[in-house]
Amino acid sequence: MSEAFIPQADPRASYLAERAAIDAAMARVLASGRYILGPETQAFEQEFAAYIGARHCVGVASGTEALVLALAALQLAPDDYVATVSHTAVATVAAIELAGAKPLLVDIDPATCTLDAAELARALAAAPKTGPGRIAAVIPVHLYGLAADLDRILELARRHGLRVIEDCAQSHGALLDGRRLGGFGDIAAFSFYPTKNLGALGDGGAVVSKDDALAARVKELREYGWRERYVSHLPGMNSRLDELQAAILRPKLRRLDADNARRQEIAGAYDEGLRGLGLGLPARRRGATHVFHQYVLRSAKRDQLRAALTTRGIGTNIHYPVPVHLQPAYRGRIAVGPSGLAHSERAAKEVLSLPMFPQLTDEQAERVVAALRALNSL
Ligand SMILES: Cc1ncc(COP(=O)(O)O)c(C=O)c1O
């Protein structure tokens with residue numbers, strides 16, 4: 001008898017784990033008659049800001065728009081560059097252009113797959129300090145649930161006057177030196193896409209900041225630039241978190257730490273079971289708590305491994321198969337850092353995300369390990 005398929009991610013399982021609370025929350029909203037920017041959104045914004053340890057949270061329609069609005073609130077000039085990585089969700093880079101600035105893609109540190117601070121320093125040394133073409137901001141992406149090299153990035157930002165936008169779409173609840181990611185930069189963007197560590201049952205996002213003026217600007221920009229109803233003070237847009245998603249996120253936020261602890265347990269089992277097979281296992285960063293949005297292996301034989309796992313009923317994914325600078329929409333027209341993007345291009349060929357979600361059972365994790373051990377001869 002063939003064994004049941006193990007998915008790579010399972011947002012339905014995360015709904016079922018909190019089904020009673022979520023069903024009650026949805027019924028409450030449906031009966032309330034308030035569907036946009038009501039008490040649930042307000043309560044969630046307060047609860048999430050308190051959780052992150054930031055003064056403000058503004059609920060928005062997606063992680064992409066959280067980045068766009070965070071960048072727009074910084075009021076960059078059209079010729080300003082925003083440095084970030086190519087090995088990320090395309091949204092990170094798309095948001096820079098949507099906000100009217102220019103992306104500058106710098107390479108990753110191959111050990112952690114996050115922005116290489118030394119390469120950012122080289123890019124800053126090569127760029128004009130002021131005026132057109134200056135690097136005005138940086139978006140460190142806390143990829144897969146691990147903090148980017150914030151110590152060095154924040155130091156560079158201080159020295160060069162860069163604004164720092166943390167992309168926290170994959171790092172809800174992750175810590176650095178005991179503080180939650182999202183509280184380090186000027187402003188941070190979160191996604192609540194259903195498979196995220198904190199996921200809604202539809203699209204959603206949030207901007208978090210300790211800066212009163214920036215948060216106030218994001219709040220205006222998410223709703224037509226209104227300060228008071230029907231009067232726009234800024235040219236804004238519509239990007240609101242809806243009441244249903246906010247109400248669903250509240251019970252899910254209460255279990256986020258427990259869910260992250262379970263992800264760490266599964267990662268520990270993978271680490272132990274996969275040691276010695278010649279696979280690249282996920283690095284940790286000193287002082288950082290990895291929350292394993294993804295557990296990502298590296299192997300030169302990635303495609304063979306993936307095919308063999310699929311045959312054995314084990315779902316995997318590739319985050320991400322094509323670096324942003326090589327995608328048709330961006331190829332040949334995006335600025336890149338002084339050393340090029342060789343590490344990003346290599347990562348795209350080697351990364352493989354194993355099944356990872358809090359409801360994955362010990363037996364399922366053991367099946368994944370056993371399958372990879374059996375494939376060791378590949
Ligand atoms: C690193 C990163 N940034 C931004 C986003 C965009 O979030 P969303 O899909 O909610 O627009 C995602 C998620 O896809 C992501 O993983």
Side-chain angles (χ1 to χ4, degrees), residues 62-110 112-144 148-149 152-153 156-157 160-170 185-189 191 205 318-351:
S62 71
T64 306
E65 291 187 350
L67 284 165
V68 173
L69 291 167
L71 285 157
L74 292 170
Q75 299 183 315
L76 307 176
D79 282 323
D80 283 345
Y81 280 101
V82 178
T84 192
V85 286
S86 191
H87 183 67
T88 181
V90 74
T92 313
V93 181
I96 297 170
E97 293 195 330
L98 287 167
K102 292 180 175 171
L104 169 70
L105 302 183
V106 301
D107 214 356
I108 51 171
D109 154 30
T112 61
C113 283
T114 61
L115 191 144
D116 178 359
E119 182 61 2
L120 176 62
R122 285 190 282 275
L124 284 162
K129 304 281 166 273
T130 55
R134 74 177 179 141
I135 302 171
V138 58
I139 306 182
V141 181
H142 306 308
L143 198 73
Y144 306 146
D149 188 1
R152 291 166 74 201
I153 293 169
L156 284 168
H160 295 266
L162 304 185
R163 311 306 296 265
V164 179
I165 305 104
E166 291 177 74
D167 185 339
C168 296
Q170 303 190 5
D186 293 286
I187 195 161
S191 162
I318 298 173
H319 300 99
Y320 295 90
V322 186
V324 177
H325 69 284
L326 296 182
Q327 299 192 16
Y330 299 95
R331 188 189 263 279
R333 65 171 192 85
I334 296 288
V336 306
S339 312
L341 295 165
H343 291 304
S344 305
E345 291 179 14
R346 180 153 175 219
K349 294 193 177 90
E350 294 187 351
V351 290

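Because the structure is a prediction, the values reported are computed rather than measured. Numbering starts at 1 and runs along the sequence shown. Just the heavy atoms: all of them, side chains too, but no hydrogens, waters or symmetry mates, feed the values below.
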Search all heavy atoms of D80 against all heavy atoms of A101 and return the closest pair with its distance.
O-CB, 3.6 Å

For A136 against L76, the heavy-atom pair lying closest together
CB-CD2, 4.1 Å

Nearest 0.5 Å, what's the CG-CD1 distance between L105 and I96?
7.0 Å

Supply the atom-to-atom distance K349 NZ to I318 CD1, rounded to the nearest 0.5 angstrom.
12.5 Å

Residues, nucleotides or ligands: over 12 heavy atoms within 6.0 Å of R122 CZ:
yes

Taking everything shown except K129 itself, do over 12 heavy atoms lie less than 6.0 Å from its NZ?
yes

Candidate list L71, V85, V164, test side-chain contact (heavy atoms from CB on, under 4.5 Å), partner I139, passing option
L71

In Å, rounded to the nearest 0.5 Å, how long is the span from OG1 of T64 to CG of D167?
9.0 Å

Beyond-backbone contact of H343 with D116, side-chain heavy atoms, under 4.5 angstrom
no

Within the structure provided, determine whether V138 and L115 are in side-chain contact (heavy-atom separation under 4.5 Å).
yes

Pairwise distance NE2(H160) to CG(L124) - rounded to 0.5 angstrom
4.5 Å

Main chain of V322, side chain of Q327: is a donor-acceptor contact present, judged purely on distance under 3.5 Å?
yes

Close side-chain approach of K102 and Y81, heavy atoms under 4.5 Å:
yes

Give the minimum heavy-atom separation between Y144 and H87, together with the two atoms involved.
OH-NE2, 2.9 Å

Looking at every non-hydrogen atom in both residues, tell me the closest pair between V68 and A99 and how far apart they are.
O-CB, 3.9 Å

Using only atom types and a distance under 3.5 Å, with no angle test, would you say the side chain of S62 pairs donor to acceptor with the backbone of G205?
no

Between Y330 and V90, is there a side-chain heavy-atom distance shorter than 4.5 Å?
yes

Test I165 against L74 for side-chain contact (heavy atoms from CB on, under 4.5 Å), laying out the working first.
CA-CA 9 Å; I165 305 104; L74 292 170; 3.5 Å; yes

Backbone of H325 reached by a side-chain donor or acceptor of S86 within 3.5 Å:
yes

Looking only at non-hydrogen atoms, find the nearest pair between L143 and Y320 and report the distance.
CD1-CE1, 4.3 Å

Are any of the side-chain heavy atoms of V93 and T84 separated by less than 4.5 Å?
yes

Judged by atom type as modelled, is there a donor-acceptor pair below 3.5 Å linking the side chain of H142 to the main-chain atoms of A148?
yes

Ignoring hydrogens and geometry beyond distance, is a side-chain donor-acceptor pair present between S339 and D107 at under 3.5 Å?
no

Measure the shortest side-chain to side-chain distance between V351 and H319 over non-hydrogen atoms and say whether it is less than 4.5 angstrom.
no

Using only atom types and a distance under 3.5 Å, with no angle test, would you say the side chain of E166 pairs donor to acceptor with the backbone of G185?
yes

First locate atom CD1 of I135, then atom CG of L104, and finally report the distance between them rounded to the nearest 0.5 Å.
5.0 Å

Give me the atom names and distance for the closest heavy-atom approach of V336 to L341.
CG1-CD1, 3.5 Å

